[in-house]
Structures are given as structure tokens and as C-alpha cells.
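Take a look at the structure below.
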Amino acid sequence: MEIPLLRYHSVSLDQISNTRRKSLLHFKHKSLFFSGYCFSFSKRKWRNPFDRIRCCSLEQGLQPPWGLKPKPSKMNVVERKGAVLEEPQMRKQPNSGICSQIEKLVFNKRYREALELFEILEFEGGFELESSTYDALISACIGLNSIRGVKRVSSFMSSNGFELDLYMRNRVLLMHVKCGMMTDARRLFVEMPEKNLVSWNTIIGGLVDSGNYDEAFQLFFITWEESSDGGSRIFSTMIRASAGQGLIFSGRQFHTCALKMGVADDIFVTCALIDMYSKCGSIEDAQCVFDEMPEKTTVGWNSIIAGYALHGYSEEALRMFYEMRDSGVEMDHFTFSMVIRICTRLASLEHAKQAHASLVRHGFGLDTVANTALVDFYSKWGRMEDARHVFDKMPQKNVISWNALIAGYGNHGHGEEAIEMFEQMLQEKMRPNHITFLAILSACSYSGLSERGWEYFKSMSRDHKIKPRAMHFACMIELLGQEGLLDEAFALIRSAPFKPTANMWAALLTACRVHENLELGKFAAEKLYGMEPEKLNNYIVLLNIYNSSGNLKEAAAVVQTLRRKGLRMLPACSWIEVKKQPYFFHSGDKSHAQTKEIYQKVDNLMLEISKHGYVPERKYLLPDVDEQEKRVLLYHSEKLAIAFGLINTPGWTPLQIVQSHRICGDCHSAIKLIAMVTGREIVVRDASRFHHFRDGSCSCGDYW
């Protein structure tokens with residue numbers, strides 16, 4: 001079947017015709033994706049067609065990109081035709097030892113040394129290399145992801161008149177794709193005198209990897225018209241494209257095709273299916289595909305664990321990790337980094353320590369990705385000495401490693417240490433990114449380092465060419481809010497070079513709550529209502545402002561608004577892990593086996609801290625919780641969890657609490673004093689941030 005094609009004069013996407021630009025919009029709608037395309041199979045393999053899948057764009061006259069003809073060749077290398085017009089220029093034969101050495105270095109994955117040796121041939125010039133040497137140099141460029149290397153090898157090939165056969169053309173195409181040079185890859189693909197399935201698979205895979213899913217689908221339809229025998233690789237690639245666009249419908253269709261083609265059990269297809277179903281929100285289908293795998297590999301296990309973690313099923317993800325370990329399948333550094341991040345979410349110190357030990361035992365003790373996850377875990381949960389120890393032992397650090405440590409110091413009120421690490425990062429020529437500045441600005445905000453915060457904020461665009469984003473403005477608004485400079489914070493919002501975001505207004509609203517500025521708080525809340533009309537916390541913060549200022553009529557109006565919108569305040573929940581077992585508590589909860597001991601402990605703690613000036617604060621409602629909890633103020637969920645932890649853990653261990661809501665003012669005041677009278681460190685992760693309580697103070701500086 002011949003598809004009429006529109007010829008484009010350039011392969012640049014910026015110059016594609018308006019017809020194609022408009023038609024690409026159709027690909028954004030799930031229902032239109034396959035509304036006019038029919039998958040068909042070779043008659044020698046299939047007598048009857050199955051479910052028709054249609055691509056409206058082809059049926060309506062949308063032409064494939066770059067002026068391509070749908071004729072992927074199945075042939076191998078074909079001899080070039082035509083007479084030779086000129087005698088080839090005599091070229092020098094290189095020292096065979098140099099070429100052999102380059103190939104050996106690449107074989108041993110010493111890519112940088114191979115490219116350094118290649119400089120000798122470049123300097124001399126005029127050498128005619130064998131295909132095997134070029135093949136090795138291509139592998140070196142891919143291994144190093146070196147754009148400069150790609151340009152050097154390509155230039156040498158061109159200047160020395162190397163004639164590429166189909167295999168080498170595919171290798172050069174792959175080199176450009178793997179190094180992210182998609183503009184050049186498109187040009188090379190169009191200029192190929194012949195293409196086989198490897199060529200098509202390579203360019204389609206490159207488009208998917210670079211996020212150009214629409215073009216990938218178009219090229220797939222072209223190649224499928226000529227050959228319905230793309231093999232497992234093309235199916236795994238297109239399933240990844242479906243996952244990238246969140247299109248479970250097209251993913252299911254490719255799953256069906258893979259089953260009918262007999263490649264559904266291929267490991268690449270299976271892992272792509274698990275990933276696709278997970279990302280499209282169907283974890284049950286992902287689990288079903290995983291269960292049907294004939295051989296469960298490391299990638300398969302990693303995919304299903306990541307799927308559960310993605311959807312918040314942290315306990316299930318951890319259970320799958322232990323199943324993987326018990327099955328004897330080899331675990332890699334991605335496995336451990338995922339598990340450590342799951343432990344971060346669960347506040348599971350014991351599981352994280354176990355993962356840390358396994359990481360070292362399996363030979364990944366120096367791996368950058370896994371160790372960065374460890375730094376992040378220890379930093380977030382206040383174990384800064386452990387985080388620094390892991391960080392200092394890392395032989396190689398990337399910007400994410402630095403960001404994790406700087407953010408850790410900042411979150412726990414160690415602003416000076418965060419600044420020290422940031423300055424050290426700059427001294428070691430590590431280039432900061434926007435996340436780095438978010439970490440250092442947050443550190444300055446939490447520690448009240450106003451001057452340093454403004455200095456770093458101004459240096460972003462001046463010294464580092466990083467344009468401040470809304471998140472950075474929100475940090476500065478919070479910094480001004482901590483100092484009570486609400487008018488200046490409001491002026492900063494109005495002067496922002498973009499439309500203020502919800503985070504910026506939320507930072508101002510928090511400042512208004514802390515400093516009880518009713519009018520400005522009401523204005524900020526109204527802005528937030530327009531942006532996030534269904535977000536409960538915005539209403540609750542304003543409700544707290546009205547309650548604290550005695551405006552009961554306005555507070556009642558907010559409650560009526562919540563009821564009219566069908567928004568309800570959920571019961572607060574806190575949990576703590578003891579001996580690898582999580583324990584959950586609700587406010588006023590009496591379902592625990594140790595209820596009597598827990599309540600007695602709370603009563604004793606309240607009596608003890610009252611001697612140090614504690615008085616229950618009854619003027620605030622909890623931010624995200626049910627109104628009935630006003631009646632159980634002394635037995636909020638975090639107090640019960642802390643009492644349970646004090647009863648069941650050694651006196652030298654810190655307590656780690658996770659909450660589903662923002663901590664209320666009464667509990668915040670109480671926990672500061674509990675940490676003082678018991679001599680324990682208490683880390684609470686609430687809905688807004690980490691609170692590190694120690695010796696009667698909190699890392700947030702009473703601003704949250």
C-alpha cells in the first residue's frame with residue numbers, strides 16, 4: 001500500500017507545514033490517537049485481521065515527517081551501482097597497532113583513552129581506517145555520551161571519504177541518537193539511500209527517548225504499512241511511547257499486537273508493559289503482566305517495585321523488594337536507590353539501614369545514584385552526621401548529591417552549614433542548578449539568614465545565568481514573612497516577571513497567619529481559591545486566621561463554604577516505626593493494645609511540661625482535620641505516636657513521626673518541651689515540612 005506523502009524542503013521541525021502542525025494537536029487526544037488506523041498482518045501469517053486500530057491523521061491526509069517514503073528495506077547491504085567516475089585518492093594506511101589498540105581499549109570500556117589515541121590519527125590526517133576501527137570509535141562516543149566525540153568521528157569519516165555500508169550507516173545513526181543529537185539524526189535518516197528495520201527502530205527509539213512521541217507514532221505507522229514484522233523491539237519502543245503520553249488505550253492495543261505476534265513474553269516487551277500500565281494508573285494490570293513473566297529479571301522486578309512506589313503503595317513496594325531478594329535475582333544500584341527512597345517516604349530507619357548494608361554487600365558501596373539516595377534519606381530524617389559520612393566517602397558526586405546534603409542542613413535549621421557546603425560546591429567547580437538555589441534559599445529562610453538569602457537570590461541570574469522561578473520567589477516571600485515584612489512580601493509578588501503562582505500566594509498566606517494580618521490574609525486566600533478551589537488547606541489557614549482574631553462570623557462563613565463545596569476535614573493520622581513495624585494513630589485513638597500505657601504516658605508528659613510553662617492552645621483548629629478533635633486536644637495523633645515511641649524505644653534513639661496533616665500550634669509547642677524534658681530528638685514530617693525538635697526548640701523557628 002502506497003501512502004501519498006507531502007514533501008518537506010527541510011528536516012527541521014520548526015519548518016514543518018501548518019497542516020502537520022495542526023494535525024499534531026489530534027495526537028493530544030486519547031480518543032483520536034488510533035481512530036483511523038488499521039494494524040494488518042502479513043497474510044502468510046494471519047488469515048483474519050483482528051481489532052482495527054486506526055490513525056485519523058493518515059486517513060485525513062496528514063503526511064509523515066521529513067518527506068519519508070514508507071519503504072523500510074528488509075535487505076542487507078546491497079552493492080552500490082554505477083560506474084566509478086574518478087580514481088580514488090591514494091590514502092595512507094595507518095599504523096595497524098594504533099587501530100588495534102583503539103579497538104582493545106573500547107573492548108575493555110576504556111573509552112576516554114581510545115578517543116585520546118584517536119587524536120594521533122586526526123593530527124596526521126589522510127588515513128583510511130577499517131570499519132572495525134570506526135565501529136569501536138562509535139562505541140566509545142556512545143559510552144561517553146560525547147557530542148564532541150561524535151563530531152570528531154563524523155568529521156574524520158567525511159574528510160577521509162569513508163564509504164558507509166548499511167551496517168555502518170545504522171551505527172552512525174545510533175551514535176547520534178544515543179548522544180541526543182536528534183536534529184542530525186533526523187537528517188542522517190532522511191539521507192540514507194536504503195533503510196532496514198534496524199534503521200527504523202533506531203530513529204523511532206530515539207524519538208521516544210527524546211519525548212517526541214507524536215513523530216514516533218507517525219514513523220511507526222509508516223513502517224508498519226510496509227512490514228508488519230517489526231519484532232519485539234519496535235513493540236517495546238511504542239509501548240514506552242504510550243507510557244510517555246499516558247495513553248493506556250494505545251498501550252493495550254500494542255499489548256494485543258504483541259500477543260498475536262508471539263512476542264509478548266519478550267523481556268523488553270514485558271518490562272515496557274509493566275512500566276506503561278504503572279504510569280497509566282493501572283497497577284493491577286502491571287502486576288498481572290509481572291506474574292505472567294516466564295522469567296522474572298532484575299529489570300522486571302525494578303519495574304513493578306517502581307510502579308507500586310509511584311502510586312504511593314510504599315509498603316507493597318517494600319514487600320516486593322524482599323520477595324525479589326528472597327528469589328535470588330541479582331539486585332542492581334537502581335533497586336537499592338528505589339528502596340532507600342521508599343524508606344524515606346515511610347520514615348523507616350531500620351529498613352534503610354538494612355538496604356544500606358545490602359548496598360555495600362552487593363558491591364555498590366561507591367555507586368553515585370544509590371549513595372545519593374542514602375544522603376537524601378539521612379538528611380531528611382535529621383541524621384546529618386550519617387548523611388555527611390556517606391557524602392564524604394563518595395568518590396564521585398553529582399549536583400543531586402550536593403543538593404541533597406545542602407537541603408538536609410537547611411531543613412533541620414543548620415543554615416550556616418548549608419551555606420558552607422554551597423560555597424564548597426562552587427569551589428569544586430560543580431555547577432549549581434535551580435534545585436540547588438531552592439535548597440540554599442530555603443536554608444536561609446528557615447535559619448533567618450536574610451542578607452545571605454538576598455545575596456544568593458540576586459546571584460542566580462547575575463553570576464550563574466539561572467532565571468529565578470516561582471519556587472525561588474516563594475522562598476523569598478517566606479523569608480520576608482518570617483521577618484514580618486508582609487508589605488514587602490506582597491510587593492515582591494506583584495513585581496514578579498510572571499503571573500504569581502499558588503505557592504507564592506500560599507507563602508504570603510502563611511505569613512499572614514503567623515503575624516495575624518487579617519486583611520492581607522483574606523486577599524491572599526481569595527487568590528488561592530481561584531487557583532486551587534478544591535484544596536482544603538487554603539480554607540483552613542484562613543479559618544485559623546479568623547479564629548485567632550476573634551472573627552467568628554467570618555470563620556462560620558468559611559465553614560459554610562467548605563460544606564457547600566463538599567470538602568470535609570479528614571481525621572488526622574500519625575505513624576511511627578518501631579522494630580520495622582509501622583504503628584498508626586488517630587486523635588483520641590483507643591484501639592491500640594497499649595492504649596492504657598500510652599494515655600498514661602501522655603498525661604505524665606503534659607504534667608511534666610506544664611511545669612515548664614506549657615499551656616494548651618485552644619484558639620486554633622487543626623489545619624487539615626475534623627472538628628471533633630477540638631475535644632481531644634490533649635490526645636492528638638502525634639502526641640499518642642510520640643508517647644508510644646518513648647515507651648517502646650531505647651532512650652538514645654531519635655523518634656521519627658510522619659503525619660498526614662500540618663502540625664497544629666498546640667502540638668508544636670508541646671513537642672518542643674517534650675524533647676527538652678526527655679532529652680530525645682524528635683523528627684516530625686508533616687504535610688508542609690520537616691520539624692526537628694531538640695532541647696526545647698524546633699528547626700522551623702516556629703514558622704511553618
Side-chain angles (χ1 to χ4, degrees), residues 5-17 20-21 24 63-73 77 80 102 106 111-112 114-115 118-119 121-122 125 129 131-220 222-223 233-234 237-238 240-241 244:
L5 301 178
L6 182 66
R7 298 292 187 263
Y8 295 104
H9 298 291
S10 172
V11 299
S12 171
L13 291 185
D14 294 333
Q15 300 175 19
I16 291 180
S17 67
R20 180 169 177 269
R21 285 185 181 276
L24 285 180
Q63 310 306 333
W66 323 325
L68 298 173
K69 291 185 177 181
K71 294 182 179 180
S73 172
V77 182
R80 293 179 175 79
I102 289 174
V106 172
Y111 304 128
R112 198 171 301 280
L115 287 180
F118 175 55
E119 288 183 9
L121 302 179
E122 288 181 293
L129 305 185
S131 293
S132 59
T133 305
Y134 281 119
D135 201 5
L137 290 169
I138 289 171
S139 296
C141 294
I142 294 173
L144 293 173
N145 195 27
S146 172
I147 294 177
R148 181 173 178 270
V150 173
K151 292 179 178 179
R152 287 169 55 195
V153 173
S154 300
S155 176
F156 193 87
M157 282 182 173
S158 176
S159 62
N160 287 278
F162 179 69
E163 295 186 3
L164 290 82
D165 57 18
L166 182 56
Y167 169 79
M168 285 303 298
R169 288 185 184 277
N170 284 335
R171 288 286 289 164
V172 171
L173 178 64
L174 178 66
M175 175 176 66
H176 284 80
V177 164
K178 290 294 185 182
C179 293
M181 303 172 67
M182 288 306 300
T183 301
D184 291 329
R186 290 179 177 96
R187 175 181 54 79
L188 289 170
F189 182 74
V190 170
E191 293 175 353
M192 291 178 71
E194 56 182 330
K195 307 174 183 71
N196 61 7
L197 291 174
V198 174
S199 316
W200 288 84
N201 287 344
T202 300
I203 192 65
I204 292 173
L207 290 169
V208 172
D209 290 337
S210 60
N212 295 301
Y213 305 117
D214 297 332
E215 295 174 65
F217 273 103
Q218 284 186 296
L219 291 191
F220 169 77
I222 295 172
T223 187
R233 181 177 175 183
I234 191 65
T237 300
M238 296 314 299
R240 288 195 296 114

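Bear in mind the structure is a predicted one, so any value in this text is a computation, not a measurement. Keep in mind that the numbers below use all heavy atoms, side chains included, and drop hydrogens, waters and symmetry copies.
- When side chains are defined from C-beta on, R171 counts as touching S139, because their heavy atoms get closer than 4.5 Å.
- Atom CD1 of I203 is separated from atom NE2 of H176 by 10.5 Å, given to the nearest 0.5 angstrom.
- Expressed to the nearest 0.5 Å, how far CG of L188 lies from CZ of R169 amounts to 9.0 Å.
- Going from atom SG of C179 over to atom CD1 of I138 covers 10.5 Å, rounded to the nearest 0.5 Å.
- Taking the side chain as every heavy atom from C-beta outward, Y134 and L164 never approach each other to under 4.5 Å.
- Side-chain atoms of L115 and R148, non-hydrogen and from C-beta on, never get closer than 4.5 Å to each other.
- With values rounded to the nearest 0.5 angstrom, F217 atom CZ is found 12.5 Å from N212 atom CG.
- Considering every non-hydrogen atom in both Y111 and A140, the closest pair reads CD2-CA, 3.5 Å.
- Between V106 and A114, the shortest heavy-atom distance links the atoms CG2-CB, 3.7 Å.
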Practice item. Kindly determine whether I102 and L137 satisfy side-chain contact (heavy atoms from CB on, under 4.5 Å), including the steps that lead there. Key: CA-CA 8 Å; I102 289 174; L137 290 169; 3.9 Å; yes
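- For the atom pair F118 CZ and R152 CZ, the distance stands at 6.0 Å (nearest 0.5 Å).
- Between W200 and F220, the ring centre distance reaches or exceeds 6.0 Å.
- Side-chain contact check for M192 versus L173: some heavy-atom pair is nearer than 4.5 Å.
- Under a 3.5 Å cut-off, the side chain of N160 and the backbone N or O of F156 do form a donor-acceptor pair.
- Within the 4.5 Å cutoff, side-chain heavy atoms of M238 are placed close to those of I204.
- A side-chain donor from one of S199 and N196 sits under 3.5 Å from a side-chain acceptor of the other.
- With contacts defined as side-chain heavy-atom distances shorter than 4.5 Å, the pair Y213/L207 does not qualify.
- Atom-to-atom distance recorded for T202:OG1 and K195:NZ is 12.5 Å, nearest 0.5 angstrom.
- Annotation for M175 and C141: closest pair SD-CB, 4.0 Å, computed over non-hydrogen atoms.
- Under the 3.5 Å distance criterion, the side-chain polar atoms of D165 are matched with a main-chain donor or acceptor of Y167.
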